[in-house]
Number of protein chains: 2
Amino acid sequence: MEANFSVTEENYIKAIYHLQKADGNVGTNEVAAELNTKAASVTDMLKKLKQKKVLNYEKYHGFSLSSQGRKIALGIVRKHRLWEFFLVEKLQFGWDEVHAMAEELEHVSSKKLIDKLDDFLGNPKFDPHGDPIPDVNGKMVALPQVNLTDLPVNQQAQVSSVGIQSTALLELLKHKQIAIGTQLQVKKQFAFDHSIEIKIKGHAAFIISQQLAQALFVQVME
Amino acid sequence: MEANFSVTEENYIKAIYHLQKADGNVGTNEVAAELNTKAASVTDMLKKLKQKKVLNYEKYHGFSLSSQGRKIALGIVRKHRLWEFFLVEKLQFGWDEVHAMAEELEHVSSKKLIDKLDDFLGNPKFDPHGDPIPDVNGKMVALPQVNLTDLPVNQQAQVSSVGIQSTALLELLKHKQIAIGTQLQVKKQFAFDHSIEIKIKGHAAFIISQQLAQALFVQVME
DNA sequence: TAAATATTTTAGATTTGTCTAAAATTATTT
DNA sequence: AAATAATTTTAGACAAATCTAAAATATTTA
């Protein structure tokens, strides 16, 4: 009795899942940008996905995946990441070339196929980009944390914890508008004093000291 | 510069390829039956495929794949059979369960992917059903011939040659409407006199003698 | 070869996913 | 809180692939 979704519907579900995870609050324009389509088309699809019980949606008041929708999204993410693993580990592709192929393969339906593939690959926990692979039940391992000083340049990441429990640190973080969950990228690393330039979504880039960077841990994002 | 075909177009090309191979002369109704659609839809698609130079087509006077169309068809067959091989050999599926999955996988586009898959599988020459797999250049090994007396019951096959060059045999074959290319299945084998009951497409089943069966060689079909 | 039958094609409608342009609603400024 | 700006939704149209019913053509039969 598995519900059936078109490739287009699956792409919407996946896009909303990823944007929601990154942003919390997602709008039609963001979804449209992600899928190279227009806000009007997104609205049309929102209505359909609401009817299919995949979305909570009240018009003009936003939308979010239902628990069923989240389950479907995890299934697609699982397929995507397992195929990426297969392409890199078995077919010897570079991890930079596999995304587009996995976008196609993830819509091949059979759950039995993907479960057998999972076994064949040895039930890997992370895909070649370091993203966790959901298991048969949709559970996935938490992303390993990385110190901000070790984050590769331009890698999108999310602040996940701080290494020091001090009021002084908290004050500084507050001033720089950094908090748990803040998304950032490292833009430059300066050898002289090990300071780094970071960029937070919607803000101008700015530089933080080595001491501060060492106190921050992040999770890499897709 | 690879031309781009929709999944639907690819399915038409593949269906026409298979029917043409089996039948020589193919009509819209046959294609419609193969694809679970209607003759009118087939006509629409024929026009489109003619425009794309995949088909030779004059309305009311039949159609056949162009050499370009044949090349495309072979590419699809190659994908289909390599995926079937993968599913059976690597993922441990039974060869009776893989057809539907391969139908989906064959439309995943990248040629590079399929060539790497081919290498990964060790460049197999036959799929799990015994059908030959076209290589990178579309070449495939000819199907081994089987004597009709050795053909398993219900296996679809095509008469490929006769073992005796006699007028008497020819007369009999003509009368029974059997020729090179005729598609048939063995329906029953009678132990008493080793006669067998065969069924030719569009005809009622009938019985042929052991002597006649021994004179006929067939190629197994998909 | 003319009539009957079968096949193929056209005409017009339907569904899915998309678009543009305009209208409705919500959010932000001042 | 009005005015302005941004976002979201509707209305109406379009392309792809399909359908049904009717018309055109080809084939078979008598």
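Here the structure is a predicted model, which means the values were calculated and not measured. Within every chain, numbering begins at 1; the chains are lettered A, B, ... in the order of the sequence lines, protein sequences first and strands thereafter. Side chains are part of it too, since the values below use all heavy atoms of this structure and drop only hydrogens, waters and symmetry mates.
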OP1 or OP2 of dT18(C) under 4.0 Å from side-chain N/O of K38(A): no
Could I get the full list of salt bridge (charged side-chain N to carboxylate O under 4.0 Å, His left out) partners for K199(A), not counting sequence neighbours? none
Should Y12(B) be listed as having a side-chain N or O under 4.0 Å from OP1 or OP2 of dT18(D)? yes
Please determine if K176(B) forms a cation-pi arrangement with F206(B), meaning its NZ or CZ atom is less than 6.0 Å from the six-membered ring centre and no more than 45° off the ring axis. no
Return no unless some side-chain N or O of S41(A) is found under 4.0 Å from OP1 or OP2 of dC19(C). yes
With sequence neighbours left out, what residues match E58(A) under side chain to side chain contact (heavy atoms under 4.5 Å, CB included)? K50(A), H61(A)
At a cut-off of 3.5 Å, list every protein nitrogen or oxygen paired with a nitrogen or oxygen from nucleotides 8-12 of chain D, distance to 0.1 Å.
from, atom 1, to, atom 2, distance (Å)
dT8(D), OP2, T28(A), N, 3.2
dT8(D), OP2, T28(A), OG1, 2.5
dT8(D), OP2, N29(A), N, 3.3
dT8(D), OP2, N29(A), ND2, 3.4
dT8(D), O5', T28(A), OG1, 3.1
dT9(D), OP1, Y57(A), OH, 2.6
dT9(D), OP1, Y60(A), N, 2.8
dT9(D), OP2, T43(A), OG1, 3.2
dT9(D), OP2, Y57(A), OH, 3.4
dT9(D), O4', Y60(A), OH, 3.4
dT10(D), OP1, K59(A), NZ, 2.4
dT10(D), OP2, K47(A), NZ, 3.0

How many Å lie between CG on N25(B) and P on dT27(D), as a whole number? 10 Å
Round to a whole Å and report the spacing from CE of M45(B) to C1' of dA16(D). 8 Å
Which part of the nucleic acid, if any, lies within reach of T8(B) when heavy atoms closer than 4.0 Å are counted: base, sugar-phosphate only, or nothing? sugar-phosphate
A cation-pi test, strictly: NZ or CZ of K90(A) under 6.0 Å from the centre of the six-membered ring of F86(B) and no more than 45 degrees from its axis. Yes or no? no
Under the criterion salt bridge (Lys or Arg N to Asp or Glu O under 4.0 Å), which of R78(B), K79(B), K112(B) is the partner of D118(B)? R78(B)
In Å and rounded to the nearest 0.5 Å, what is the OG to CG distance from S64(B) to L19(B)? 13.0 Å
